[in-house]
Amino acid sequence: MKPKIILAAMILSGSTQLMAAPAPVSEAANSQSSIEKRLASLENMMQSRNFLQVELQQQLNLLQDEVSQIRGVTEEQSYKLEKVLQRQRELYQEIENRVSQAYTQPTAAPVVDQAQPNDAQSYSSDLSENEAYERAVALIMKDKRYDQAIPEFQTFLTTYPNSVYASNAHYWLGQLLTIKNDGVKAVEHFKVVVNEFPNSNKRPDAMLKLGTLLQDQGSAAQAQKILSDLINQYPSTTAAKLATDRLGN
């Protein structure tokens, strides 16, 4: 019996070993498959990230190109606007000079004081304000519609009471009203220029016109004071020379 028992035991032991042997091979295969899947997943993630980076870089490049184009357009428009404003300033100065010489009496012709330099800040950056003032001056310079120019300047002063052209508007109203022989109202506007705008380049001419009108209206003492102040404050101007001649006469 013993040899049979021993043989049976050996057979059973071998079969157990045969059945248990494949287990490590299966686990290794599963483990390798899991690693490959993880590696494939990581590769996909890296590819996706690289793709997103490329796409973001392309979008960034497009945005930079658009910003550069917009900056170029803005700079071009700013340059053109500055040229327009500069041209308007030149036209205003030319108009002021011509109107001063063309529509005044020979004995009291107000001429723009060439000794005073033009201040760039004396021009507005508001295109609407510039257009309104230019339109009012054009009624005198181009159209010679003096009656229509009066309400145009009055409307301008109402719309832009703090305009850099306010002193000029009052001055031209004084001139226009003088032409219409309305000396009383003309005096009011010239007084505004003289009393409220001490730095205006129209002040010497306004003082000359004011002194002349006051003298014509019989206010000799006031006229003499205004003309004397003009001579003392602006001795080198044409207005001061005309004031000297008027006082001498």
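Note: hydrogens, waters and symmetry copies are ignored here, and every other heavy atom, side chains too, is used.
Sequence neighbours left out, not one pair with a member in residues 156-167 passes salt bridge (charged side-chain N to carboxylate O under 4.0 Å, His left out). Pairs passing the ring pair (Phe, Tyr, Trp, His ring centres under 6.0 Å) check and including a residue from residues 174-194, sequence neighbours excluded, read His170-His189, Tyr171-Phe190.
Cluster annotation: Ile150 and Tyr146 are assigned to the same hydrophobic cluster (Ile/Leu/Val/Met/Phe/Trp/Tyr, side-chain heavy-atom contacts under 4.5 Å, transitive). Hydrophobic clustering, with ILVMFWY side chains joined whenever heavy atoms are under 4.5 angstrom apart, keeps Leu139 apart from Met141.
Partners of Gln57 according to the side-chain hydrogen bond (donor to acceptor under 3.5 Å, both in side chains) rule, which considers only residues two or more places apart in sequence or in another chain, are Asn61. Judged as a side-chain contact (heavy atoms from CB on, under 4.5 Å), and not counting sequence neighbours, the contacts of Thr159 are Thr155. For the side-chain contact (heavy atoms from CB on, under 4.5 Å) test, residues two or more places apart in sequence or in another chain that qualify with Gln224 are Ser228, Leu247. Residues satisfying the side-chain contact (heavy atoms from CB on, under 4.5 Å) criterion with Ser219, sequence neighbours excluded, are Leu214, Gln222. With sequence neighbours excluded, the residues that form a side-chain hydrogen bond (donor to acceptor under 3.5 Å, both in side chains) with Asp147 are Lys180. With sequence neighbours left out, the side-chain hydrogen bond (donor to acceptor under 3.5 Å, both in side chains) criterion links Gln148 to no other residue. Residues meeting the side-chain hydrogen bond (donor to acceptor under 3.5 Å, both in side chains) test with Arg135, sequence neighbours left out: Glu152. Residues meeting the side-chain contact (heavy atoms from CB on, under 4.5 Å) test with Asp229, sequence neighbours left out: Met207, Lys225, Gln233.
Taking the side chain as every heavy atom from C-beta outward, Tyr133 and Trp172 approach each other to under 4.5 Å. Annotation: side chain of Ile140 is not in contact with side chain of Gln175 (no heavy-atom distance under 4.5 Å). Side-chain atoms of Glu188 and Leu173, non-hydrogen and from C-beta on, never get closer than 4.5 Å to each other. Looking at heavy atoms from C-beta onward, Thr237 lies out of side-chain contact with Leu208 at the 4.5 angstrom threshold. The shortest distance between side-chain heavy atoms of Phe156 and Ser163 falls below 4.5 Å. With contacts defined as side-chain heavy-atom distances shorter than 4.5 Å, the pair Asp182/Val184 qualifies.
Grouped by direct or indirect side-chain proximity (heavy atoms under 4.5 Å, Ile/Leu/Val/Met/Phe/Trp/Tyr only), Val192 sits with Phe197.
Ile231 and Ala240 make their closest contact through CG1-O, 3.8 Å (heavy atoms, listed as atom of the first residue, atom of the second, distance). Considering all non-hydrogen atoms of both residues, Pro204 and Ala239 come closest at O-CB, 3.7 Å. Residues Ala186 and Thr178 approach most closely at CB-OG1, 3.5 Å, considering heavy atoms. When all heavy atoms of Ile226 and Gly211 are compared, the pair lying nearest together is CG2-N, 3.9 Å. Taking every heavy atom of both residues into account, Tyr234 and Pro198 meet most closely at OH-O, 3.8 Å. Of all non-hydrogen atoms in Asn168 and Ser200, the two that sit nearest each other are OD1-OG, 4.3 Å.
Expressed to the nearest 0.5 Å, how far CG of Leu227 lies from CG of Asn232 amounts to 11.0 Å. We find the CD-CG distance between Gln215 and Leu213 to be 10.0 Å, quoted to the nearest 0.5 Å. Note that CG of Leu60 is 12.5 Å distant from CD of Gln53, once rounded to the nearest 0.5 Å.
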